[in-house]
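Below is one structure, written out as structure tokens; comments come after it.
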Amino acid sequence: MFGNNKEENSEEENKVVYERYYTDIEIEKGDTLWSIAKTYNQHSGMEIREYIREVKQMNGMISDSIEAGDSLTIVYFAQAPMVQ
């Protein structure tokens with residue numbers, strides 16, 4: 001035998017694919033770019049600093065300052081819908 005195709009197919013079927021999505025969030029009192037990144041950076045493959053840099057670039061930000069009531073466009077990663 002040269003391999004177990006059933007096992008290989010099973011592994012491919014079990015791979016989880018995460019896709020990139022965008023949403024707007026409203027900054028709440030006590031939020032920081034770091035806390036936002038820790039919440040939304042999951043499954044991105046980016047380090048938190050890279051994620052913050054991307055969010056700042058997307059929103060045209062120069063400083064790290066955010067205030068309650070501001071809104072930000074952020075990127076997040078969610079499991080892709082299953083294709084049958």
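- By the 4.5 Å heavy-atom criterion applied to side chains, Leu72 and Leu33 are counted as neighbours.
- The backbone N or O of Val55 sits less than 3.5 Å from a side-chain atom of Asn59, completing a donor-acceptor pair.
- At a threshold of 4.5 Å between non-hydrogen side-chain atoms, the residues Trp34 and Ile52 count as touching.
- Here the shortest heavy-atom pairing between Tyr51 and Tyr40 reads OH-CB, 3.2 Å.
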Go through it in stages, so that I can follow the logic: the residues are Tyr76 and Thr23, the test is side chain to side chain contact (heavy atoms under 4.5 Å, CB included), and I'd like the CA-CA distance, side-chain angles, deciding distance and then a yes or no.
CA-CA 8 Å; Tyr76 67 98; Thr23 191; 3.8 Å; yes

Side-chain donor-acceptor pairs under 3.5 Å in residues 61-70, sequence neighbours left out?
{"residue": "Ser63", "atom": "OG", "partner": "Ser65", "partner atom": "N", "Å": "3.1"}
{"residue": "Asp64", "atom": "OD1", "partner": "Lys56", "partner atom": "NZ", "Å": "2.6"}
{"residue": "Asp70", "atom": "OD2", "partner": "Glu67", "partner atom": "N", "Å": "3.0"}

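- The distance from the OH atom of Tyr18 to the CD atom of Gln42 is 9.0 Å, given to the nearest 0.5 Å.
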Run Asp24 and Ser71 through side chain to side chain donor-acceptor pair (under 3.5 Å) and show every step you take.
CA-CA 6 Å; Asp24 292 323; Ser71 69; 5.8 Å; no

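- Here the side chains of Val17 and Gln79 are not in contact, with every heavy-atom distance at 4.5 Å or above.
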Just distance, no hydrogens or angles: give the donor-acceptor pairs under 3.5 Å from side chains in residues 43-50, sequence neighbours left out.
{"residue": "Ser44", "atom": "OG", "partner": "Asn41", "partner atom": "O", "Å": "2.9"}
{"residue": "Ser44", "atom": "OG", "partner": "Asn41", "partner atom": "OD1", "Å": "2.5"}
{"residue": "Ser44", "atom": "OG", "partner": "Met46", "partner atom": "N", "Å": "2.9"}
{"residue": "Glu50", "atom": "OE1", "partner": "Glu47", "partner atom": "N", "Å": "2.7"}

